[in-house]
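See below for the structure under consideration.
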There are 2 protein chains.
Amino acid sequence: MSADPALRREIPDATVARLPEYLRTLSRLAEDGVLSVSSEELAAEVGVRSAQLRKDLSHLGSYGVRGVGYDVETLALEISRALGLTEDWPVAIVGMGNLGHALASYSGFVTKGFRIVGLYDDDPALADERIVGVAIRPLAELTEHHAVDPIAIGVIATPAPAAQAVCDALVGAGISSILNFAPAVLSVPSGVDVRRVDLSTELQILAFHAQRKSLAAGDLRSAVAAP
Amino acid sequence: MSADPALRREIPDATVARLPEYLRTLSRLAEDGVLSVSSEELAAEVGVRSAQLRKDLSHLGSYGVRGVGYDVETLALEISRALGLTEDWPVAIVGMGNLGHALASYSGFVTKGFRIVGLYDDDPALADERIVGVAIRPLAELTEHHAVDPIAIGVIATPAPAAQAVCDALVGAGISSILNFAPAVLSVPSGVDVRRVDLSTELQILAFHAQRKSLAAGDLRSAVAAP
DNA sequence: AGACGTTTGTGAACCCATGCACAAAGTTGA
DNA sequence: TCAACTTTGTGCATGGGTTCACAAACGTCT
């Protein structure tokens with residue numbers, strides 16, 4: 001009777017960030033032949049509180065059955081729909097160094113919905129190499145390519161100094177969703193969505209906590225000062 | 001007169017997550033010969049509000065000068081200290097497929113403080129290959145290696161099904177900081193710190209927002225229901 | 001020396017996210 | 001059919017994080 005809440009209500013960012021994890025776990029359960037899960041069980045698998053899981057799911061609609069739990073198949077489908085994975089998302093990768101190669105051949109990349117349609121690099125040494133059936137082309141051909149076969153998401157896998165120029169090229173071609181692996185802050189017009197994945201940032205955060213642990217563990221060299 | 005606040009106070013997680021970005025930007029400014037920045041300028045570079053930057057920095061101590069700003073060199077050093085980057089962090093990578101290779105040769109990896117001391121993979125085809133001067137060894141040698149030349153951080157770059165076993169091996173050897181690139185939730189004893197980086201999660205979040213944008217942009221097919 | 005302009009550091013208000021606890025709703029079994 | 005049990009969906013309280021706004025502190029200029 002009521003419209004799909006995923007299209008009408010606002011889904012909090014924190015929830016959206018967890019939906020892929022729920023979906024992945026549900027897919028695994030489905031493969032294992034599990035038909036139904038309770039919020040308690042699923043939450044335990046994913047590593048969150050059951051109340052949080054239920055509240056997250058409530059933002060997409062009411063797909064559970066009280067006293068029973070959630071149908072695995074149905075819930076997976078509804079999360080896929082909410083995330084937009086029932087559509088097809090053509091992806092282009094710019095920068096085919098080590099990281100670009102790894103991304104292009106990463107199997108998890110090709111999972112539902114995502115499809116690599118373009119690989120770009122200006123290095124002539126890479127020209128016309130093919131990865132997963134897609135040729136590597138110079139970046140200048142991006143706009144032309146995009147006009148023929150539209151790209152929804154651009155992935156930047158270049159060194160940091162080139163990232164802003166590549167980003168400008170992507171935005172200029174009309175791409176408004178960008179995943180940036182370069183350690184650089186990109187400035188983009190409003191309406192363009194950038195997410196950054198940064199290895200060294202993650203390492204530094206780990207280092208911070210490791211340092212905290214080692215200091216807490218009775219390393220009294222640091223107790224330099226007193227009141 | 002007072003002790004280093006970084007060692008006495010608690011630094012919020014949200015702040016810690018931003019410190020690497022501040023540090024990177026400060027390093028770039030230092031290279032460009034900039035001696036001093038205001039919170040307003042630095043915040044603009046990083047893409048945060050100046051009040052947030054000041055509050056973040058206030059957690060490490062009081063290193064600014066009112067009416068002037070922050071000394072670039074000093075602030076970079078203090079952030080490095082807070083993050084623990086004045087120490088040396090030996091890193092091991094497990095899983096030398098495409099991603100492992102890319103990580104090992106990633107230049108940003110070797111930046112201050114981090115040093116690759118071990119590469120592991122059980123595939124005999126990779127045995128004794130060397131990357132950046134480090135040999136690839138079978139995972140069974142991890143514990144022995146760790147005893148001789150301690151490893152602070154373990155990086156998991158294997159396929160998802162192998163991730164938990166690798167994680168158990170790392171934890172068993174005594175490593176308590178883990179960076180996980182496999183799309184799997186790892187269960188670890190308390191005291192072990194795991195951070196996950198997942199490409200397909202990031203893509204799915206982008207897809208969600210892209211879908212939202214296209215729905216909002218006058219795509220009225222979806223306006224199915226009305227009161 | 002003193003007034004003025006600038007910028008930091010932080011108290012206070014707001015906002016979002018998490019976790020608790022329970023009523024509502026469904027199933028199962030007698 | 002009805003009672004007992006299970007599990008969802010959610011109102012409410014709690015806690016962190018972000019932003020505002022301003023007093024305190026510093027340099028500069030006269």
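Each chain gets a letter, A, B and so on, in the order its sequence line appears, and its residues count up from 1. Because the structure is predicted, anything quoted here is derived from the model rather than measured.
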Open item on the list: Whole angstroms only, please: what is the CG-C1' distance between B/Leu53 and C/dT8?
Closed with: 11 Å

TODO: Check whether any side-chain N or O of B/Tyr63 sits under 4.0 Å from OP1 or OP2 of C/dT7, and answer yes or no.
DONE: no

Task: Any side-chain heavy-atom pair of B/Phe181 and B/Leu99 under 4.5 Å - done: yes

Task: Pairs meeting criterion salt bridge (Lys or Arg N to Asp or Glu O under 4.0 Å) with involvement of residues 25-50 of chain B, two or more places apart - done: B/Arg28-B/Glu45

Contact list (N/O, under 3.5 angstrom) for nucleotides 16-22 of chain D vs protein:
residue: D/dT18; atom: OP1; partner: B/Arg18; partner atom: NH1; Å: 3.0
residue: D/dT18; atom: OP2; partner: B/Arg18; partner atom: NH2; Å: 2.9
residue: D/dT18; atom: OP2; partner: B/Gln52; partner atom: OE1; Å: 3.3
residue: D/dT18; atom: O5'; partner: B/Gln52; partner atom: OE1; Å: 2.9
residue: D/dT19; atom: O4; partner: B/Lys55; partner atom: NZ; Å: 3.0
residue: D/dA21; atom: N6; partner: B/Arg54; partner atom: NH2; Å: 3.4

Open item on the list: Assess the residue pair B/Leu206 and B/Gln211 against the criterion (side-chain contact (heavy atoms from CB on, under 4.5 Å)); give the C-alpha distance rounded to whole Å, side-chain angles, the decisive distance to 0.1 Å, and a yes or no.
Closed with: CA-CA 9 Å; B/Leu206 277 176; B/Gln211 182 201 33; over 6 Å; no

Task: Any side-chain heavy-atom pair of A/Ile153 and A/Pro90 under 4.5 Å - done: no

Open item on the list: Between P on C/dT7 and CG on B/Asp71, what's the gap in Å once rounded to a whole number?
Closed with: 16 Å

Task: Distance, rounded to the nearest Å, where A/Tyr70 contributes OH and D/dT7 contributes P - done: 12 Å

- [ ] Scan for salt bridge (Lys or Arg N to Asp or Glu O under 4.0 Å) pairs involving residues 51-73 of chain A, sequence neighbours excluded, and state none if there are none.
- [x] A/Arg18-A/Asp56

- [ ] Please state how far atom CG in A/Leu57 lies from atom P in C/dT18, giving the value in whole angstrom units.
- [x] 13 Å

TODO: Evaluate the side-chain contact (heavy atoms from CB on, under 4.5 Å) criterion for residues A/Asp193 and A/Ile178: first the C-alpha distance (whole Å), next the side-chain angles of each, then the deciding distance (0.1 Å), finally the verdict.
DONE: CA-CA 6 Å; A/Asp193 204 8; A/Ile178 293 173; over 6 Å; no

Open item on the list: Below 4.0 angstrom, which residues in residues 34-46 of chain B have at least one non-hydrogen atom near DNA chain C?
Closed with: B/Ser38, B/Ser39

Task: Contact check, side chains of A/Leu57 and A/Tyr70, non-hydrogen atoms, under 4.5 Å - done: yes

Task: Note: B/Arg212-A/Glu10 ion pair, threshold 4.0 Å (strictly below) - done: yes

Task: Donor-acceptor under 3.5 Å (B/His101 side chain, B/Gly97 main chain) - done: yes

Task: Between B/Ser105 and A/Asn98: side-chain donor-acceptor atoms closer than 3.5 Å - done: yes

Please write out the pairs of protein N or O atoms and N or O atoms of nucleotides 24-29 of chain D separated by less than 3.5 Å, giving the distance to one decimal.
residue: D/dA24; atom: N3; partner: B/Arg66; partner atom: NH1; Å: 2.8

- [ ] Just grab all the salt bridge (Lys or Arg N to Asp or Glu O under 4.0 Å) pairs involving residues 198-209 of chain A, residues at least two apart or on different chains.
- [x] A/Arg196-A/Asp198, A/Asp198-B/Arg24, A/Glu202-B/Arg195

